[in-house]
Amino acid sequence: MKRFHLMSMKKKSLPIPAAIWQDPYYFLAFGLGTGAIPFAPGTFGTLMAIPFYLLLATILPAVYYVVFVGVFVMLSVWLCERVSQAMHVHDHPGMVIDEFAGFFVTMMYAPAGWIWVVMGFILFRIFDIWKPWPIHWLDEKIAGGLGIVLDDVIAGIYALIIMHGIGYLL
């Protein structure tokens, strides 16, 4: 029995819809176009989230950042649902707005500094790819926009816990 799941092995390569460059909903769902990169779109989507995190962390107090993340997650669920239905594809691998959401969750109350941003990126990508329980189960069982975003949010929570544990020990 497999102990973990590698999502990249599961999802087949799907064509990138031309609507990414024509429809703002697709453009946002595909991570401002990073989801159109033919290899590792989730990694590139997460990388694209970093400058937005740095901006938000600079201008928002921590409590407002958490509120922003909650609203962003809800809007991401709605956007993923809308675009998935329009494409008739559940969780297209190029749709990476959920990686933004997961990374934003990872970075809640993160200490300032590049080492923490890099650590958050690495930990989030590990949990998003590895998908330990219950992430894999949620990814398989929950449909629609909620299912698309929820597994990344939980991966972000795992990464957040590990990162804060490391911060506590240091």
Side-chain angles (χ1 to χ4, degrees), residues 1-11 28-32 34-35 37 39-77 79-80 91-170:
M1 184 168 127
K2 290 184 182 179
R3 291 185 49 180
F4 60 89
H5 179 312
L6 292 176
M7 198 63 187
S8 60
M9 296 173 70
K10 178 184 160 211
K11 289 188 179 178
L28 290 172
F30 278 74
L32 308 177
T34 56
I37 295 172
F39 59 94
T43 297
F44 284 103
T46 307
L47 284 171
M48 178 59 86
I50 291 173
F52 291 98
Y53 161 71
L54 292 172
L55 175 66
L56 292 166
T58 303
I59 63 173
L60 294 178
V63 171
Y64 290 124
Y65 177 80
V66 172
V67 171
F68 165 81
V69 171
V71 171
F72 188 88
V73 166
M74 289 186 288
L75 289 173
S76 296
V77 168
L79 183 63
C80 288
D91 204 0
H92 188 290
M95 202 161 47
V96 296
I97 195 70
D98 52 332
E99 266 73 25
F100 280 60
F103 182 72
F104 291 159
V105 167
T106 299
M107 300 308 292
M108 289 192 300
Y109 295 105
W114 278 101
I115 188 75
W116 298 101
V117 173
V118 171
M119 184 186 310
F121 171 82
I122 291 168
L123 287 169
F124 172 68
R125 291 307 302 147
I126 287 170
F127 286 113
D128 189 36
I129 293 167
W130 179 30
K131 297 199 181 302
W133 190 91
I135 299 170
H136 171 66
W137 184 85
L138 292 167
D139 189 46
E140 295 273 319
K141 301 296 182 192
I142 299 178
L146 181 61
I148 294 169
V149 177
L150 188 58
D151 68 308
D152 292 271
V153 168
I154 302 299
I157 291 170
Y158 280 9
L160 175 140
I161 291 168
I162 298 296
M163 193 163 66
H164 282 275
I166 291 169
Y168 176 78
L169 293 174
L170 297 177

Closest heavy-atom pair, Ser76 versus Ala101, reported as atoms and distance to 0.1 Å, is OG-CB, 4.3 Å

task = Check whether any side-chain heavy atom of Ile162 lies under 4.5 Å from a side-chain heavy atom of Tyr158, and answer yes or no.
result = no

Next on the checklist: Using side-chain heavy atoms (C-beta onward) and a distance below 4.5 Å, is Phe68 in contact with Val73?
Outcome noted: no

Smallest heavy-atom separation, Val153 atom then Val105 atom, equals O-CG1, 3.9 Å

Looking only at heavy atoms, the pair that brings Asp139 and Gly147 closest together is OD1-O, 4.2 Å

To the nearest 0.5 Å, atom CG of Leu56 lies from atom CZ of Phe72 at 9.0 Å

**Prompt:** Can you find a heavy atom in the side chain of Trp116 that is under 4.5 Å from one in the side chain of Thr106?
**Reply:** no

Here the pair of heavy atoms bringing Met163 nearest to Ala110 is CE-CB, 3.7 Å

Legend entry - Donor-acceptor under 3.5 Å (Lys131 side chain, Asp128 main chain): yes

CZ (Phe30) and CG (Leu79) are apart, to the nearest 0.5 Å, by 10.0 Å

Nearest heavy-atom approach of Asp98 to Val149 is CB-CA, 3.9 Å

| Less than 6.0 Å separating the ring centroids of Phe44 and Phe39? | yes

Checklist entry - Is the centre of the Phe104 ring less than 6.0 Å from the centre of the Phe52 ring? => result no

| message | Within a 6.0 Å radius of atom CD1 on Ile115, are there more than 12 heavy atoms belonging to other residues, nucleotides or ligands? | response | no

Worksheet item: Do Phe127 and Ile157 touch side chain to side chain, with heavy atoms closer than 4.5 Å?
Response: no

Does Tyr65 reach the side chain of Met107, with side-chain heavy atoms less than 4.5 Å apart? yes

Does any part of the side chain of Thr34, heavy atoms only, come nearer than 4.5 Å to the side chain of Leu47, both counted from C-beta? no

Evaluate the side-chain contact (heavy atoms from CB on, under 4.5 Å) criterion for residues Asp152 and Phe124: first the C-alpha distance (whole Å), next the side-chain angles of each, then the deciding distance (0.1 Å), finally the verdict. CA-CA 8 Å; Asp152 292 271; Phe124 172 68; 3.7 Å; yes

dist Trp137:CH2 -> Ile142:CD1 (nearest 0.5 Å) comes out at 6.0 Å

In this structure, CG of Leu150 is separated from CD1 of Ile154 (nearest 0.5 Å) by 5.0 Å

So Phe121 and Val118, side-chain contact (heavy atoms from CB on, under 4.5 Å) or not? Walk me through it.
CA-CA 5 Å; Phe121 171 82; Val118 171; 5.6 Å; no

dist Ile97:CD1 -> Ile148:CD1 (nearest 0.5 Å) comes out at 12.0 Å

Smallest heavy-atom separation, Pro41 atom then Gly94 atom, equals CB-CA, 4.3 Å

_Side chains of Tyr109 and Val66, heavy atoms from C-beta outward: is any pair under 4.5 Å?_
yes

